[in-house]
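Please read the structure below before turning to the comments.
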Amino acid sequence: MKKNKKFQSRSRDDNKNSPFEDRKKFCPFSQKNSPIIDYKDIKLLNRYISEKGKITPSRITNVSRSKQLELSKAIKRARFLGLMSFTNKHYY
Amino acid sequence: MNNFEAVVLLSPEITSNVRNSSLDSLKKLINEKSGKIINNEDWGLRDLSYKIDHYSKAFYNFYQIEIEGDKIESIKKTLNQDENFIRHLFVRVEKHQELPTKLSNEKK
């Protein structure tokens, strides 16, 4: 049974048909000159919330775990201060 | 001495001299607690994205402070009692970012 499991994971990588899927996923905050996460920078935070004002999950935005934690803290602080809404997204 | 960032919201109904006096009382309070205000910034009247105490607008003030960590509790208590301040937030930071911040209205 163990051998079978190993075989199964390998086949999943082989049958990737489109070249786009293996585009290297990178975190937009841990590059060299990536922006600093700050609860005052609401224009940057607005990019990471959905239309209903919810924080988009990191599996969609490819943000690393530590930066996603910083991001959610900053969004919650901005919401507390009334800079960002809890229920919808403010477009500039 | 830790570095703190303080954001203070003031109700829109009070007149400007009452607002300045309450801000001065906050400055005096911080200096009493052997704290030091590095610099401050007035973000002016902004509309809130949701109603706080039935207000839909508020005056924002931003302070960069250097103070002992355990003095913050007493400052928060006095701010809670004062009804001119509708909301306040103290954030501990490693080092102060340079001004102007993203929300300052000098750019406009």
Notebook entry, point to check: A:Asn88 versus chain B, heavy atoms under 4.5 Å apart: side chain, backbone, both or neither?
Noted result: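 A:Asn88 has no heavy atom closer than 4.5 Å to chain B.
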
Checklist line | Region of A:Leu83 that comes under 4.5 Å of a non-hydrogen atom in chain B | finding: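 Contact with chain B: backbone and side chain both.
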
Check: Going by heavy atoms in the side chains, are B:Glu32 and B:Leu29 under 4.5 Å from each other?
Finding: yes

Next item on the list: Would you mind telling me which of B:Ile52, B:Leu9, B:Val91 has the largest number of heavy-atom pairs within less than 4.5 Å of chain A?
Entry: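 Result: the option with the highest number of such pairs is B:Val91.
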
Next item on the list: Please determine, by modelled atom types, if A:Glu70 and A:Tyr39 share a side-chain donor-acceptor pair under 3.5 angstrom.
Entry: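 No - no donor-acceptor pair under 3.5 Å links their side chains.
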
Checklist line | Flag if over 12 foreign heavy atoms under 6.0 Å of CD, B:Glu98 | finding: no

Notebook entry, point to check: Can you tell me how far OG of A:Ser85 sits from CG of A:Asn46, rounded to the nearest 0.5 angstrom?
Noted result: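 One gets 9.5 Å once the value is rounded to the nearest 0.5 Å.
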
